[in-house]
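Take a look at the structure set out below.
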Amino acid sequence: MKSDQNKFSNKEIAKILRNIAAVHLLKNENRFKRVAYENAAETVEQSSRELRDIWQDGKLFDIPGIGKTIGSNLEEYFKTGKSKHFNSILKKVPSTVFILMNLPTIGPKKAYKLVKELKLLIPKTVIEDLQNACKQNKVAELESFGKKSQEDILEAIKLFRKRSSKSERMPLPYAYELAKELSDYLKKIPGITRVDTLGSLRRMVATIGDIDISVQVESRKDHKVERLQKEIINYFVKFPKTISIDSSGENKASIIVSPNIRVDLRVQEERSYGAMLQYFTGSKSHNIKLREYALKKGLSLNEYGIKKVKSQKSKVKSINQNSKILEFSTEEKFYNFLGLQYIPPEIREGTNEIELSEKNKVSKLVELKDIKGDLHIHSSYDLKPSHDLGENSYSEILEKADQLGYEYIGFTDHNPKTSGLPEQEITEIMNLRYRVIKKLSNKVNEAKFFIGLEADIQPDGRLALPEKAIDLVDYLIVSVHSAFNLDVKSMTQRVMKALSYPKVKILGHPTGRLLGKREGFELDWKAIFDFCRNKKIALEINSWPERLDLPDSLVREALNQKVKFVINTDAHANLHLDGMIYGVSVARRGWCKKDDIINTLDYSAFKRWLNNKS
DNA sequence: GCCGTTTTCGGCCCGACTGTTTTCAGTCG
């Protein structure tokens, strides 16, 4: 079963598409055919939802880059496990070529040449065979290869083996924290006016590969800038967690930090910093669309700024020699020059953000400061919970809520264990808890509180809580914590049954995914969204580092169905309450405005919502 | 092969770096 799961994963599909692109390149097909497959591969790889699920939702062809041919063949692939068309293309090249392409610095052409010249035709041993060929100096003797390429290939094989033994991407919060550490470290150098993250980290994608960071230095006319740049690079590579230095040039450097994470730094002068920031923030598909858009206006974009191009009807495009490159110190100026409204990094994914910004229709996205409360917090109060107990007491949590400037919070311990305990005893435990929390009212805290509970949704959809105990809470979060493998239909029925209980206001971490560990389960999302909208139940955007659940793409779909959200931390300790930023980022990536998020409401409005009065 | 406010044809993003060339091809982001 597991191999089947892999077979349909986005990663596998992207690989197939990329391999087909490689064949088109090697067979000298129309180069735009290759580009089309590469674009499709890119989109699939970047998708935060499994393509197969999107296909099951009937939305495969809505994905940019997936048209008639690729789309219908993917359908065939999902239905039958293979696509005749894809296979017939892939067969044109020995499969070992595709394996070698996994090595860094080896692309289609080099891979093909190596396979052909060295007769590397056995998939199982191809990497080893190549390694041996290098050791026997056979690669250096090939035309267009040399001693250095041979050494590089050996190094690439080492790297490949090391990398494939690890999970490749880390959850966003880990990367974010590390970047913050690096940023604080860099800011100690005088002359640095700004530090930013770049790439997927700046766009706050749920999982991050490498960490990219840029620093801005003042523009000066003399050679001081160069000296400063050198100084920064030298300082950067001495970051305490550095394991090894990969490269270290004039204005960029690359290091590996503990535990084996690549960090790239680039240093750029103030006057062109905006263009650089835009360029390296991506996403790739956003940048491609942006350049296409700019080209229609006779403008060409690169990391240093904007140039005017003479675009002729003929195939020759020539750069107007008289026009200098226009520099931009900020991204705002860069986008505005193109006639576009500023586009926040989180939504630069090449969907329809450029069209909307052209019409000035990108709405203001929700921000961390809009959040007025956290509704999913676990305390240390021992009610014999079914899952982990928190670390802090109710009053400690309230203090922390004050520090965060929250107007209200919700205590949502896990329900008491159901096994072995009679219903009456559970209700008694809940009753005791109710009285303990109510006593807090006398304490002096700015933040007000609600008595909530996170109740397990059992496999049959019943809540792990006696009906009588429901009277002892203000609201319920219901979540799936077990039996993740039901089919879509049963799972949907199960969740809807749970949502039908009184006082249920939030569906907790709706897909149950654990980044890098467990795929989320599928639901009939259309049905769930309809149900939640009609019953005024909010979908949770859970900020827990390994969850970030609901995923951003489903947030956007739900948003289009006019569903509301609550952003929670699922904190099990006060420290975790600081993680709200991650959930907010997911919401922003899903295009949420302040109004779409229930816990941006002030206390009285929130209370009305809780009581179904608004 | 994809796509559309130059829409069903005729376009299709940009530059750095590296190693191998002796003017450029391949790879990467």
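Labels below follow one simple rule: chain letters A, B, ... track the order of the sequence lines, proteins then strands, and each chain is numbered from 1. Because the structure is a prediction, the values reported are computed rather than measured.
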| message | Using atom C1' in both nucleotides, what's the gap between B/dC12 and B/dT6 to the nearest angstrom? | response | 14 Å
| B/dG26 versus B/dT21 - spacing of their P atoms, nearest Å | 13 Å
| request: Assign the ring pair A/Tyr582 / A/Tyr176 to parallel, tilted or perpendicular, where the plane angle (0 to 90°) is split at 30° and 60°. | output: perpendicular
| field | Between P of B/dT6 and CG of A/Leu295, the distance in whole Å | value | 13 Å
| Within this structure, what is the CZ-to-P distance between A/Arg31 and B/dC12, rounded to whole angstrom? | 9 Å
| query | Side-chain N or O of A/Lys252 less than 4.0 angstrom from OP1 or OP2 on B/dC28? | reply | no
| remark: From the candidates B/dT5, B/dG1, B/dC2, the one with an atom nearest any side-chain atom of A/Asn30 is B/dG1
| Separation of the C1' atoms in B/dT18 and B/dT23, to the nearest angstrom | 15 Å
| request: Send over the distance from A/Ile106 CD1 to B/dC17 P, rounded to a whole Å. | output: 21 Å
| said: I'd like the C1' distance from B/dT8 over to B/dG1, given in whole Å. | reply: 15 Å
| task | Using the six-membered ring of A/Phe280, assess whether NZ or CZ of A/Arg266 lies under 6.0 Å from its centre and within 45 degrees of the ring axis. | result | yes
| message | Check the phosphate of B/dC2 against A/Thr69, side-chain N and O only, distance under 4.0 Å to OP1 or OP2. Yes or no? | response | yes
| message | From C-beta outward on A/Ser149, which listed nucleotide comes closest to its side chain: B/dT20, B/dC14, B/dT27? | response | B/dT20
| request: Test for a donor-acceptor pair under 3.5 Å between the base of B/dG29 and the side chain of A/Tyr279, counting only N and O atoms. | output: yes
| remark: A/Ile306 atom CD1 is separated from B/dC14 atom P, nearest whole Å, by 12 Å
| said: Closest approach to the side chain of A/Lys110, judged atom by atom: which nucleotide of B/dC2, B/dT27, B/dC12 is it? | reply: B/dT27
| field | Criterion side-chain hydrogen bond (donor to acceptor under 3.5 Å, both in side chains) on A/Ser553 and A/Glu557, from CA distance to verdict | value | CA-CA 6 Å; A/Ser553 51; A/Glu557 278 184 38; 5.7 Å; no
| said: Using 30° and 60° as the class boundaries, would you call the ring planes of A/Tyr342 and A/Tyr335 parallel, tilted or perpendicular? | reply: perpendicular
| note | When rounded to whole Å, the CG to P distance for the pair A/Leu100 and B/dG26 reads 16 Å
| query | What is the distance from CG of A/Leu103 to C1' of B/dC28, rounded to the nearest Å? | reply | 15 Å
| field | Identified pairing partner of B/dT8, criterion: Watson-Crick or G-U wobble below 3.5 Å | value | none
| query | Hey, would you say the A/Tyr77 and A/Phe86 ring centroids sit under 6.0 Å apart? | reply | no
| task | Take atom NZ of A/Lys92 as the centre, draw a 6.0 Å sphere, and report whether it contains more than 12 heavy atoms from other residues, nucleotides or ligands. | result | yes
| query | Roughly, in whole Å, what's the span from NZ in A/Lys109 to P in B/dC24? | reply | 15 Å
| Side chain of A/Ala36 (C-beta onward), nearest among B/dG1, B/dT20, B/dT27 | B/dG1
| query | Considering only B/dT27, B/dG1, B/dC14, which nucleotide approaches the side chain of A/Ser300 most closely? | reply | B/dC14
| task | Using a heavy-atom cut-off of under 4.0 Å over every strand shown, decide if A/Leu290 touches base, sugar-phosphate, or nothing. | result | nothing
| said: By nearest atom, which of the nucleotides B/dA16, B/dC12, B/dG19 is closest to the A/Glu292 side chain? | reply: B/dC12
| message | Taking only the C1' atom of each, what is the distance from B/dT20 to B/dT27 in whole angstrom? | response | 14 Å
| task | Would you kindly give the CG-to-P distance between A/Asp264 and B/dG29, to the nearest whole Å? | result | 9 Å
| remark: Nearest-nucleotide check on DNA chain B, A/Gly71 vs A/Val35; residue mapping nearer the 5' end is A/Gly71
| Of the nucleotides B/dG1, B/dC14, B/dG26, which has the atom closest to the A/Asn302 side chain? | B/dC14
| query | Looking across every strand, which nucleic acid part, if any, lies under 4.0 Å from A/His286 by heavy atom: base, sugar-phosphate, or nothing? | reply | nothing
| request: Determine the contact category for A/Lys68: base if any of its heavy atoms lies under 4.0 Å from a base atom, sugar-phosphate if only primed atoms, P, OP1 or OP2 are that close, otherwise nothing. | output: sugar-phosphate
| From the list B/dC17, B/dT27, B/dT20, which nucleotide is the closest neighbour of the side chain of A/Lys148? | B/dT20
| Parallel, tilted or perpendicular, as decided by the 30° and 60° cut-offs, for the rings of A/Tyr235 and A/Tyr185 | parallel
